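See structure below.
Residue indices begin at 1 and follow the sequence shown. In listed order, ligands and their atoms are each counted from 1. Please read all numbers here as calculations on a predicted model, not as lab measurements. No hydrogens, no waters, no symmetry mates; every other heavy atom, side chains included, goes into these values.
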Amino acid sequence: MSWLLPDLILDADGVRRDQAVNVEGGLITAVVPASDAPADALRLTNTALAPGFVNAHSHAFQRDLRGVVERIDPANPDDDFWTWREEMYAQAGSMDPAKINDVARRCYRQMRASGATCVGEFHYVHHQPDGTPYDRPNALAEAVCEAAEAEGLRIVMLLVAYERGGKDIPPTPGQRRFCDPTVEAYLARLEAMRVWAEDRPLVTVGSAPHSMRAVSPEWLTAISTYTRAHGMPLHIHADEQPREIRESLEWYGLRPVQVIDAAGALDHRTVIVHGTHCDDAELDLLAERQAGVCVCPTTEANLGDGYAPVKRMFERGISISLGSDSNTILDPIVEARELEAMARRTAGQRNVLVRAGDSGPAGALLEASWDAGARALGLPLPRIAEGAPADLIALDLSNDEIAGVADEHLAAAIMLAGSCQLVTRTWVAGA
Ligand SMILES: [Zn+2]
């Protein structure tokens with residue numbers, strides 16, 4: 001590719017003016033004073049160049065539930081997460097390789113346009129509707145990865161393990177296509193997925209035992225062992241809904257995060273998705289094991305999950321990444337801002353998520369959008385520096401959302417007052 005000459009650079013090291021960036025072979029190969037750039041450098045007028053945002057949790061096919069689920073079913077007037085889940089199962093039931101590729105392409109196209117350069121896709125629709133594997137056992141997961149490649153989005157395929165409906169509860173008909181008969185069968189698919197992705201520069205793979213509801217401790221242990229041996233991330237939903245915690249206590253006498261830990265599956269590669277109802281003991285355990293959480297604020301609002309205890313997570317130094325989850329809303333800046341908004345609403349304070357040495361929450365929100373996301377997905381930290389992946393976004397400094405803001409307030413204005421409207425261009429691996 002070539003030289004880029006923006007007005008300024010914004011990354012985890014702050015705002016820098018008069019710098020030029022060279023991109024070659026998908027990587028940033030040089031950052032030099034603008035005066036040293038060649039005459040044919042691409043001048044990016046009124047532009048801040050920044051690393052792209054990391055979206056650590058998505059279910060691409062759920063994109064097509066937007067609008068559809070926003071009405072009361074007269075048969076189920078008390079609509080909640082569990083009635084929504086039935087609608088989602090019906091949607092999952094209608095997928096085939098072509099359909100899931102189509103919805104994923106539409107979802108990822110907007111995701112990229114909104115400034116996300118990488119997605120962690122928590123993918124659980126695997127088999128034919130009756131549970132029979134396709135001729136290619138990962139046909140649907142491959143179709144989703146191909147959608148990301150076609151739209152130019154980096155993807156970490158978090159291949160889901162799904163065993164059962166609950167402890168001693170077989171899968172419902174709607175869950176059959178998520179399930180593998182044994183953990184060995186699941187691990188064989190995970191291995192096949194890993195090998196398939198080896199020569200695909202935009203695709204890597206991680207494991208994703210769905211939840212302690214859907215996976216037994218025995219499966220969790222086996223999956224964690226494989227995951228560690230291959231240096232992969234391990235993502236698992238936990239503590240999204242109070243019912244899950246009641247079931248966990250009833251089945252195991254432990255809360256969900258404690259069940260995951262007791263199975264040996266909680267360490268620095270583990271990401272707890274949601275953590276909405278984590279209690280202090282669970283948060284202490286997450287901090288002690290250096291596990292991360294992925295909060296998905298706009299989806300958690302949509303589903304009536306509750307407020308994640310972000311202030312208590314933050315105070316413990318837990319790495320907090322962000323996900324668009326059901327993909328009803330695709331705006332990484334809005335998603336990040338909701339972290340601080342939840343903390344303010346629940347604490348009755350302003351400027352809550354403020355790191356030592358920072359003057360306000362913008363640094364913590366950018367860290368959630370960049371470094372915590374990259375750590376969650378096992379990717380290099382997003383930087384505008386030599387050797388970093390050229391996963392970049394252009395932000396329009398002339399947009400009225402941020403026009404006229406001084407450099408020292410720019411990050412705060414983007415994160416606390418801006419939106420994905422600011423993103424005018426996205427590059428993934430330099431393209
Ligand atoms: Zn999810």
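Taking the N/O/S atoms of His57 in turn, the shortest distance to the Zn ion (ligand 1) belongs to NE2. Closest to the Zn ion (ligand 1) among the N, O or S atoms of Asp325 is OD1.
Taking the six-membered ring wherever Trp is involved, the centroid distance between the rings of His235 and His57 does not fall below 6.0 Å. Residues His127 and Phe178 keep their aromatic ring centres 6.0 Å or farther apart.
For His274, every N, O or S atom stays at 2.8 Å or more from the Zn ion (ligand 1). The Zn ion (ligand 1) has His59 among its coordinating residues (N/O/S atom, backbone or side chain, under 2.8 Å).
Residue Glu151 holds its CD atom at 11.5 Å from CD of Gln110, rounded to the nearest 0.5 Å.
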Notebook entry, point to check: Between Val69 and Met88, is a side-chain contact (heavy atoms from CB on, under 4.5 Å) present by the stated rule, with each step listed?
Noted result: CA-CA 9 Å; Val69 289; Met88 181 271 285; over 6 Å; no
